[in-house]
Amino acid sequence: MKPTDTPKTYRVKSFGCQMNVYDGERMGELLEAKGITLAPEGEEADLVVLNTCHIREKATEKVYSDVGRIVKAGRKAGKDPMIAIAGCVAQAEGEEIMKRAPAVGMVVGPQAYHRLGDMVTKAAAGERSTDTDMPEDAKFAALPARRKVAPSAFLTVQEGCDKFCTYCVVPYTRGAEISRPFSALVDEAKRLVEAGAKEITLLGQNVNAWSGSDYAGHAVGLEGLIGELAKVPELQRLRYTTSHPADMHEGLIAAHGEVDKLMPYLHLPVQSGSDRVLKAMNRSHTAESYLKLLDRFRAARPDIALSGDFIVGFPGETDAEFEETLQIVDAVGYAQAYSFKYSPRPGTPAASMDGQIAMEVMDERLQRLQAHLNRDQQAFNEASLGKTCDVLIERKGRKPGQWLGKSPWLQSVFFENELAIGDMVRAELVQAGPSSLQGRLLESVSA
Ligand code: 5AD
Ligand code: SF4
């Protein structure tokens, strides 16, 4: 690699989960603190960070083709852009990427990106570097303070996974479960609010496994943190994601009935409705124990909107076992859900299991599953008609003059009124589509 000027502009492209979006924002802030500014829309950046996801199919191939595209676009603009690969593919495949893609100057894992600034300095001196260390909790303390954020902001409170579901790369790419300390989180949340956040979504791969000590030194679970954050006056909404059924506890369930700012929404992946498949996946719950858990949430908060994740075509899944997944979907009535075809991940136990399922079978199962999920999402939206609720405006809609926000149940609600990002408006839900609702403005709650 040749020495170059220190980059003046950057762009971070994040793929995958919300935690990656959060990490991408923090990398941006770190580069800004180094005097590198966001490249203007439509202009090639001097430094491009690909913040990758490894959860499914073709993740590594996508990195190579994205790198090729960045180099080509840079050349066209008369540039030789510096390229950093971050995120979960960097963690899993970093060394291989360094070997195969000479245009890549930096590989930085999800637990090491606080060192990105130094790596950029090295890259400018012509030195390529890889950092996929997993130092415990060093990252957050070393990052610059939050400055300007969207009205709905993310806050990583817990990271990593010790559950080792047999299909999943996350325990390998994100490392062991850690909880960030209570006071650091309250401080960061306050700074997010000062920077414009009205809603905070607490993030973790197993967010409900978060634990810490409150200011009095008492051991608390996630509901303890939620209770403290709810005291921040300007913060209006709290959410959390993603939870694991095995870590769910009474305190958090009860918080849904007690803390007004905690939104009536729960994302609780089940993956399959078949107990045999769940066992093979190393999920520590059954279909029935999952349903019982949901009953407790509904008892605490009857209007709670439920969301889940599903995998079809896990190795050995029979037609009858897939039918059990449809049955659990029908039993729950999800407001929203994510469904995927099983994708063998290198190094995971399921990748070498017998009975890998043919793609056509997975395609067909996914279609059938999605038909059930779409039906339920539409039904949930229709059942919301006539309800009055607050909507937090997040962005302009697709049509001119349209504004879009989120209901407490995380539905997209659009308005034909002139509004602004960050408005919290009172609305009646008047029309329901499969993926959004129309709102009728009742009054402006706060600007
Ligand atoms: N194949 C397909 N889907 C997967 N997920 C995780 N690993 C895989 C895989 N190997 C899905 C799960 C998880 C969501 C984040 O991604 O449903 O909850
Ligand atoms: Fe993708 Fe999982 Fe990594 Fe998020 S944690 S970026 S979903 S592999």
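Geometrically, Arg56 engages Phe340 in a cation-pi contact defined by less than 6.0 Å to the ring centre and at most 45° from the axis. Remark: Arg100 is positioned above the aromatic ring of Tyr64, its terminal NZ or CZ atom under 6.0 angstrom from the ring centre and at most 45 degrees off the axis.
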The test is side chain to side chain donor-acceptor pair (under 3.5 Å); show your working for Glu199 and Ser152 and say whether it passes. CA-CA 5 Å; Glu199 168 178 292; Ser152 176; 2.8 Å; yes

Apply salt bridge (Lys or Arg N to Asp or Glu O under 4.0 Å) to Arg146 and Asp187, showing your working. CA-CA 10 Å; Arg146 316 294 319 254; Asp187 288 351; over 6 Å; no

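In this structure, the ring of His256 has its center less than 6.0 angstrom from the ring center of Tyr240.
When side chains are defined from C-beta on, Pro434 does not count as touching Gln377, because their heavy atoms never get closer than 4.5 Å. Between Val157 and Leu225 the shortest side-chain heavy-atom distance falls below 4.5 Å. Using a 4.5 Å heavy-atom threshold, the side chains of Thr348 and Thr166 count as separate. Residues Lys34 and Thr121 form a side-chain contact, since some pair of their non-hydrogen atoms from C-beta on lies under 4.5 Å apart.
Scanning both residues, Tyr172 and Gln91, for their nearest heavy atoms gives O-CG, 4.1 Å.
For the pair Glu321 and Arg276, the salt-bridge criterion is met [side-chain N within less than 4.0 Å of a carboxylate O].
Side-chain atoms of His249 and Asn208 include no donor-acceptor pair closer than 3.5 Å. Looking at Glu32 and Tyr10, their side chains do bring a donor and an acceptor atom within 3.5 Å of each other. For the 3.5 Å distance criterion, the side chains of Ser343 and Lys58 fail to qualify, holding no donor opposite an acceptor. Between the side chains of Gln411 and Ser384, a donor-acceptor pair is found at a separation under 3.5 Å. Using modelled atom types, one finds a donor on one side chain and an acceptor on the other under 3.5 Å when comparing Tyr167 with Gln271. Counted by atom type alone, Glu323 and Gln327 present zero donor-acceptor pairs between their side chains at under 3.5 Å.
Judged as a side-chain hydrogen bond (donor to acceptor under 3.5 Å, both in side chains), the pairs with a partner in residues 153-163 (not counting sequence neighbours) are, in order, Gln111-Glu159, Lys139-Glu159, Glu159-Arg174, Lys163-Glu177, Lys163-Asp247.
At least one donor-acceptor pair under 3.5 Å links the side chain of Lys79 to the backbone N or O of Glu44.
Here the CD-SG distance, from Gln205 to Cys17, works out to 6.0 Å after rounding to the nearest 0.5 Å.
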